[in-house]
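Okay, so here's the structure we're looking at.
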There are 2 protein chains.
Amino acid sequence: MSNNIDARPVTADGVRRAAERIKGHAIRTPLIENKFLNDAVGGRVLVKAEPLQIGGSFKFRGAFNLISQLSAAERERGVLAWSSGNHAQGIARAARHFGTQATIIMPEDTPALKIEQVRAFGAEIIFYDRYSEDRETIAKPIVEKTKMALAPSFDHPDIMEGQGTLGLETVEDARAMGTELDAFIVCCGGGGLTSGCATIVDDMSPKTQMWIAEPEGFDDTWLSIQKGEHVSIDISQRTICDAIATPTPGRLTFPIMQKLVRGGVNVTEAEVGQAMIFAFKYLKIVAEPGGAVALAAILSGKFDGKGKTTAITISGGNVDPALYEKILGQQS
Amino acid sequence: MSNNIDARPVTADGVRRAAERIKGHAIRTPLIENKFLNDAVGGRVLVKAEPLQIGGSFKFRGAFNLISQLSAAERERGVLAWSSGNHAQGIARAARHFGTQATIIMPEDTPALKIEQVRAFGAEIIFYDRYSEDRETIAKPIVEKTKMALAPSFDHPDIMEGQGTLGLETVEDARAMGTELDAFIVCCGGGGLTSGCATIVDDMSPKTQMWIAEPEGFDDTWLSIQKGEHVSIDISQRTICDAIATPTPGRLTFPIMQKLVRGGVNVTEAEVGQAMIFAFKYLKIVAEPGGAVALAAILSGKFDGKGKTTAITISGGNVDPALYEKILGQQS
C-alpha cells in the first residue's frame, strides 16, 4: 500500500517549495479580522478563510503538491485516493489539472454536494460503507492491478508539506497586518494540515504555540499526544464533523505533532453549531462542521484567547444545505 | 438638507484618493474565480466578494471616505444617516473609528442582525415606518437642531468615490489574474456603487461595459436610463432585496450612470434565491438577497456571459438566519 509513500522528512523548506508549486494555482485565501470575534474572545483573532480555497477546503494544496511531482508514467496510470469528501475534491481537481485520472474511494454517506463536486472533475468514485468495510481492503487489489499512485489523505510528505502552505501564508499575512501570533489553532483529523503547519510555523515563528481542535469523542490526536503513543478511538459513532473523524493520527504526522503541538481542545456538536452560526452572521463564510472546530475552540472559551493574538483556520465549507439549514434553525 | 452635500464632480482621481484613504482600514476583498460558475455561464466570471468587507457589505468604503474628510468641528457634532441597514453599519463603524457619534434613521422592518450590528458600534437608531413615513421629514428637524453632518447613503461625491474603490480593485485584480474585463455587473440601488465604479472603470478600462442588476419591480435606474430622465417607481411593495429597494436614482448618481451604464437586467426573487444558493454551495460566501442580484443576472442568462470575461459583485451578506434558512430550504 505504500508504493509512493516516501518517508523522507517533512521540512520547512519542503513547505516553501510546495508554496512555489501551488502559486497561481491555489488561492491565497484571506486572513480575516472581525470586531465581533475579537470582542467575543477578548483578544485578537485572525481567521484563515479556507472555504474560499479551490474545492472549498485546504485539501487542494496538498493534492496539487503531490500530483505535480508525479512522473509522466505515474500520471499515465492515474491516482487512487480515499476520502470522506474534501481530499477527494482536492485530488479530483489537481488530477484534472495535470491530465491524470483520479479514482476515489468514498463513504456511502458522503454529503451529496461533495460527491457532485468530485464527479464534476471527472473522477471515478467507488463507494464503501464506513461502518462495516475497510477502505484499505478495497484499495489493495485495485492498486496491485492498476499500479495507480496512492494519494493518501494525510500520511505523505507531499500532502503534509502542501497543507503546510496554509500555515506559511498565515504567518506572513499576520506579519503584514503588523502582528506576531501567540497561538495558531488548526482543525485536526489525521494530522496532515496540523503537521505541515506546525513544521513551517516552528521554523518561521517559533514562539507561536500550535494548538489543535478536535470534535468531542474524536480527539484521537490529543489523546495520543498526551499518552505519548498512538491511541485508537471508536469511529463507528456518527458525527456531524465527518471531514475530520479519524481513528488515530497518521504514522508520519504523529511524531511531528507530538513534538510541536502544545495544546488540544475538544468541542461538542453544539459548540460547533454555534461556531458555524457565528461564521454565517459575522464572517459571511460558510463553514462545514469539521472546518469549524477551531473557531468553536476559541469561541467556547475552551482555548483562552484573552489578551492574545490567535490565528485559527476555518478549514472547509463543504456542507449540505439541509444540514446547514438545520443548524441555522437551532440558534436561539 | 444639503448642508454637506458637495456637488463637486466625481472623478477617477477622486476614487484613487479614496483608495489611499481606506487603505489599511477597509479590507481589500478577494476577486474569486470558480469553475462551477464559469461552467454554468460558459465564460469567465470573477466575483468581487464584498460580504467579507468590514460590516459585511461595500458600504464601509464610502462611509469611511466621507467621515475621514470631516473637520474636527463636524466630527464633534456627529453624523446623521438613513439606511435600510448596510450603509448604517458602514457609517456606525467609520464613525466609531474617527470618534464621532452616528445617528441612524432606519426602517422598523430592518433585519434584526443589521440592527444589532449597528448598535454594537455605539450608533443611535431612530426607527420609522418605511411604508407610511418619510425619512427626510424625520431628519430635517434633527439636522436643523444639531447641525450634524449628513452622510447620505449614495448621493454624495465622497460616498460615490469611496464605493468606486471596489471597481478600482476589481480591475487591478483582474489584470493581476491576466485578464481584461469585457463587462462588469454591479448590484444597483440608489447608484452610489454603480456611479463610483463606472467612473473609475471608464478611466482604467474604457472597453469594459458597465451593467447594472436590479430586482424585478425595483428597476428604477434602468428604466430611468432608458427613458433619459428620472423615473420613480412604487416601493410600497415588499421585496427580499431590501438593501437596494430605491424609488429613483440619485440626483448626482443618475447623470453618471446615464452616461456610462451600457445595460440593465432585472431579476426575480426566485432567481435571487437560486443565486444565493449557488453562492452557498460553490463559493462558500453568504450573500444577502440585494447583494446577489448581479450573480442572479449572469446565472439566469439574462446577462449573456458566454465567451466573455465578466466581473460581478456580491455586494453584501447581511441576511437574517431565518430568511436564509427559508431560501436554502426552497432549493430543489
Side-chain angles (χ1 to χ4, degrees), chain A residues 24 27-36 39-40 47 49-57 89 92-93 96-97 111-114 116-117 120-121 176-178 276-277 279-288 291 314 316-332, chain B residues 24 27-36 39-40 47 49-57 89 92-93 96-97 111-114 116-117 120-121 176-178 276-277 279-288 291 314 316-332:
Chain A
I27 291 170
R28 189 179 179 105
T29 53
L31 191 65
I32 293 170
E33 186 169 8
N34 178 277
K35 179 194 153 44
F36 290 90
D39 286 354
V47 180
E50 206 65 7
L52 305 181
Q53 187 52 267
I54 292 172
S57 88
Q89 274 205 59
R93 286 167 186 245
R96 170 64 61 91
H97 179 88
L113 183 59
K114 292 184 180 179
E116 175 203 346
Q117 297 191 347
F121 286 85
M177 294 162 84
M276 290 171 67
I277 293 168
F280 167 86
K281 288 170 75 171
Y282 301 107
L283 307 175
K284 314 302 176 190
I285 291 168
V286 178
E288 66 182 272
I314 296 180
N318 292 311
V319 51
D320 258 11
L323 174 60
Y324 199 77
E325 202 189 316
K326 192 176 150 201
I327 287 170
L328 278 190
Q330 282 164 354
Q331 68 150 4
S332 53
Chain B
I27 290 170
R28 189 178 180 106
T29 53
L31 191 65
I32 292 170
E33 186 168 10
N34 179 276
K35 179 194 153 46
F36 291 90
D39 286 354
V47 180
E50 206 65 5
L52 303 182
Q53 188 52 265
I54 291 171
S57 88
Q89 274 205 58
R93 285 167 186 248
R96 168 64 62 94
H97 179 88
L113 183 59
K114 292 184 181 179
E116 176 203 344
Q117 296 191 347
F121 286 85
M177 294 163 82
M276 289 171 68
I277 292 169
F280 168 84
K281 287 171 74 172
Y282 301 107
L283 307 175
K284 314 300 177 191
I285 290 168
V286 178
E288 67 180 271
I314 296 180
N318 292 312
V319 50
D320 256 10
L323 175 59
Y324 199 76
E325 201 189 315
K326 190 176 152 200
I327 287 170
L328 278 190
Q330 283 166 353
Q331 69 153 3
S332 52

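Chain naming here is simple, since letters A, B, ... match the order of the sequence lines and numbering starts at 1 in each.
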So NZ of B:K281 and CD of A:Q117: to nearest 0.5 Å the spacing works out to 8.0 Å

Under 4.5 Å to a heavy atom of chain A? For B:R28 that would be neither

### Query
According to the interplanar angle, ranging from 0 to 90°, do the rings of B:F36 and A:F121 count as parallel (below 30°), tilted (30 to 60°) or perpendicular (above 60°)?
perpendicular

Given B:E325, B:K284, B:E116, the one with more heavy-atom pairs under 4.5 angstrom with chain A than any other is B:K284

d(B:Y324 OH, B:E288 CD) to nearest 0.5 Å is 11.5 Å

When the 4.5 angstrom heavy-atom criterion is applied to A:I32 and chain B, the contacting part is side chain

Under 4.5 Å to a heavy atom of chain A? For B:P30 that would be side chain

Tightest non-hydrogen contact, residues B:V319 and B:M276, listed as CG2-CE, 4.3 Å

Assert top hit (heavy-atom pairs under 4.5 Å, partner chain A, pool B:L52, B:L283, B:D320, B:I54) equals B:L52

Answer key: most heavy-atom pairs under 4.5 Å with chain B among A:T29, A:N34, A:N318 is A:N318

The salt bridge (Lys or Arg N to Asp or Glu O under 4.0 Å) partners of B:D39 (sequence neighbours excluded) come to B:K35

